[in-house]
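A quick write-up on the structure given underneath.
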Protein chains: 2
Amino acid sequence: MTHGAAGRSPVMADVARIAGVSHQTVSRVLNHHPNVRPATRDRVLAAIEELGYRRNLSARALVTRRTNTLGVVAFDTTLYGPASTLFGLEQAARDAGYFISIVSLKTINRKTVGEALDYLAAQAVDGLIAIAPQVEAAAAVSALQGNVPVVAVEGGEADGMPVVAVDQVRGAELATRHLLDLGHRTVWHVAGPADWLEAEGRQRGWRATLRAAGVEIPPVVAGDWSPRSGYEAGRRIAADARASRATAVFVSNDQMALGLLRALHEAGIRVPQDVSIVGFDDIPEAEFLTPPLTTVRQDFAEVGRKSIALVLDLIETGPRPVAERIVVPPVLVTRASSTAPATT
Amino acid sequence: MTHGAAGRSPVMADVARIAGVSHQTVSRVLNHHPNVRPATRDRVLAAIEELGYRRNLSARALVTRRTNTLGVVAFDTTLYGPASTLFGLEQAARDAGYFISIVSLKTINRKTVGEALDYLAAQAVDGLIAIAPQVEAAAAVSALQGNVPVVAVEGGEADGMPVVAVDQVRGAELATRHLLDLGHRTVWHVAGPADWLEAEGRQRGWRATLRAAGVEIPPVVAGDWSPRSGYEAGRRIAADARASRATAVFVSNDQMALGLLRALHEAGIRVPQDVSIVGFDDIPEAEFLTPPLTTVRQDFAEVGRKSIALVLDLIETGPRPVAERIVVPPVLVTRASSTAPATT
DNA sequence: CTGAAAGCGCTTACAG
DNA sequence: CTGAAAGCGCTTACAG
């Protein structure tokens, strides 16, 4: 603030005056325009440094019609998966020089998702990323399909929208096959909420694997992702355990597996001696549960990076003739909660 | 798009033309200026509706010098606490009509925090909220103290900056006193990382409570918030258990308590019969651990709301003569992991 | 209660 | 390689 009118922050014209050039030349330097003489460039840079000048991004956005901001719609970023994805998105966006404006929803339906998208549209974001793991949310996002590029994270296949997702079906196959390979006659399944695409994909992968193996397909036990619902599922399975002779359970996420572990423990059923358990996500706690949980790890950071890369590419090159679907492979992490069945 | 030049989105002048007024009148309607005749207002509103007009926020920001955006600096939003706080912040900001621009850091030091603040400053945010739970981060934030109002969430007391925080000392007192009241001779402590203000506050509260009770103060066991570090602390405590005769442990967060539970279980030490455990946070999993975990609940949503309210107030009314400190009380949640010591 | 004028701080052709 | 001009879409005094 040693130059320029006191009290106001410096503008391009202040820099220009000090550098002895016009403000257009300052603009050229800032935008890495090739045609600037090195000596001029250095003078401008020095003046910028001296004044602590920062470009006014609102003014810039007004003329370029680019805000350099990406909107993110998310649901319950308190859950490990969405939180991790968001973290990955944010890192990748910043590396690319974009700002992230986020709205996270408490409840998902066409109305709330629509409002969120409106909210971000009002901000004139350059692109939109929707962490839209529910059928409803995906539908709401695809209904929008406005002027701005949209990428769905964990979105469904149907809606003709670019998607970046972990291969849920594949993950469920890994989990189910692992248990079958250990020698279990079949594998039970505690599912996530019916309207979540991930829950649906995992159930599909589980079912396909059992069918391919030609084994009996037990009835699905419903859950809602919460430890509590896993606990309740566990009580039900424990009650049926002797009758059903369940020896292996693939649980659709780690939090439910944690609740299920608790219920089996209460019922005096040992894991893995009596029942083997496999979860999904590999939350940081998974390794330290009793027993340590075999699970399927998702690379959320990678999903975030790929989503940003895709939306930026869409911004640059315009929409594709056919919507892309980028798939990130999951990895099975084997721990103590799964073993061969007792030979009875 | 039925009016105006095809291909471009409608601007204020388009609305004005359709409503038969000048664009200033449209502006007045949008800004809820009192002096607009109701009939005129209705015509303008109808035109806005008809065109699907949205105000260009960049143009608005250019003249008002307000971006209606709040910047948030956070650290590892993958952790339950920061994720929950962020969620609360975002809800509260949106309710107040503000956008949130977030940058989350992987590592915290003066440099990374400084860069984050620069990044947000470049965006000309109207206010800044720093989830700055480390000593270093708090220092970096207070070093800034630029032109824009800053509120520190979980910040320290020293830096003369407005702070919103859960009363960590009080929470630790609740936990420690609970264990003493159950009849334990003293209480051990697994601390969080030394440079975290929350870890420091909880340790302070624990120590003060023991001192006030006139009981022996055991050496602190160090952790880093992770389940793994809790596990390692648990192994150390288990190894010393007979020698040290530890019967009660206050663990500085739930994730470490989870790891500690695992270690004690491996060592054949029963919780709570042999050792009582109390955690901190009340993560969703806490209720379903084996055994269900007694812990101290923090109201992160409330912290978020209060932080937004404070920063907005600072934006409106300017800085206070003396920096405010708003404290949110924690609550003890009693579950099965804590009980009276065995009478030996 | 409403309109004509000026200006916010940039970028983008257009000259030279 | 660099500058004078116009304009992005709003809001804010200023008139009336």
Side-chain angles (χ1 to χ4, degrees), chain A residues 3-5 7-45 47-48 51-69 121-124 126 147, chain B residues 3-5 7-45 47-48 51-69 97 121-126 147:
Chain A
H3 302 259
R8 68 166 176 74
S9 35
V11 298
M12 215 170 243
D14 297 324
V15 175
R17 190 170 347 102
I18 292 194
V21 297
S22 72
H23 72 277
Q24 288 94 320
T25 297
V26 177
S27 178
R28 285 190 190 96
V29 170
L30 253 12
N31 292 321
H32 307 105
H33 210 88
N35 288 344
V36 179
R37 210 174 353 138
T40 310
R41 207 180 74 92
D42 291 347
R43 282 215 312 284
V44 169
L45 257 16
I48 288 173
L51 288 176
Y53 168 73
R54 272 186 224 284
R55 186 156 46 173
N56 180 318
L57 262 28
S58 295
R60 177 163 214 245
L62 179 57
V63 28
T64 60
R65 293 161 189 286
R66 289 279 210 100
T67 54
N68 255 266
T69 300
Q123 234 184 132
D126 294 337
N147 317 302
Chain B
H3 302 262
R8 67 166 176 75
S9 33
V11 298
M12 214 170 241
D14 297 324
V15 175
R17 191 173 344 106
I18 292 192
V21 297
S22 72
H23 73 276
Q24 289 95 320
T25 297
V26 177
S27 177
R28 286 190 189 96
V29 170
L30 251 12
N31 293 320
H32 307 105
H33 211 87
N35 289 344
V36 179
R37 214 181 341 146
T40 311
R41 207 180 74 92
D42 290 347
R43 281 214 313 285
V44 169
L45 256 18
I48 287 173
L51 287 176
Y53 168 72
R54 272 188 225 283
R55 185 154 49 171
N56 181 318
L57 260 29
S58 295
R60 179 164 212 245
L62 179 58
V63 27
T64 60
R65 293 160 186 288
R66 291 278 211 101
T67 54
N68 254 267
T69 300
Q123 233 182 134
V125 294
D126 294 339
N147 317 302

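Letters go in sequence order (proteins before strands), and every chain restarts at 1.
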Flag, side chain of A:Thr40 to backbone of A:Val36, donor-acceptor distance under 3.5 Å: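 It does not hold such a pair.
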Donor-acceptor pair, side chain of B:Arg43 and main chain of B:Ala19, under 3.5 angstrom: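 Here the side-chain-to-backbone pair exists.
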Qualifying residues under salt bridge (charged side-chain N to carboxylate O under 4.0 Å, His left out), relative to B:Arg66, sequence neighbours excluded: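 With neighbours one apart ignored, the set is B:Glu316.
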Salt bridge (charged side-chain N to carboxylate O under 4.0 Å, His left out) partners for B:Arg54, two or more places apart: A:Asp118
Listed by chain and number, what are the side chain to side chain donor-acceptor pair (under 3.5 Å) partners of [X], not counting sequence neighbours?
X: B:Ser58; value: none
X: B:Arg41; value: none
X: B:Asp126; value: B:Thr67
X: A:Ser27; value: A:Asn31

Distance, nearest 0.5 Å, that separates [atom1] of [X] from [atom2] of [Y]:
X: A:Leu62; Y: A:Asn56; atom1: CG; atom2: CG; answer: 9.5 Å
X: A:Asn68; Y: A:Arg60; atom1: CG; atom2: CZ; answer: 6.5 Å
X: B:Met12; Y: B:Ser22; atom1: CE; atom2: OG; answer: 10.0 Å

DNA chain C-proximal residues of residues 54-62 of chain B, any heavy atom under 4.0 Å: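 Those residues are B:Leu62.
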DNA chain D contacts made by residues 21-30 of chain B, counting heavy atoms under 4.0 Å: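 DNA chain D contact set from residues 21-30 of chain B: B:His23, B:Gln24, B:Ser27, B:Arg28.
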Qualifying residues under side-chain contact (heavy atoms from CB on, under 4.5 Å), relative to B:Val11, sequence neighbours excluded: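 For B:Val11 the side-chain contact (heavy atoms from CB on, under 4.5 Å) partners, ignoring immediate neighbours, are B:Arg8, B:Ala13, B:Asp14.
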Stems where DNA chain D pairs, listed by first number, each of three or more Watson-Crick or G-U pairs under 3.5 Å: C:1-3 with D:14-16, C:5-12 with D:5-12, C:14-16 with D:1-3
Opening and closing nucleotides of DNA chain D in contact with chain A, under 4.0 Å to non-hydrogen atoms: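 The contact span of chain A on DNA chain D goes from D:dC1 to D:dG9.
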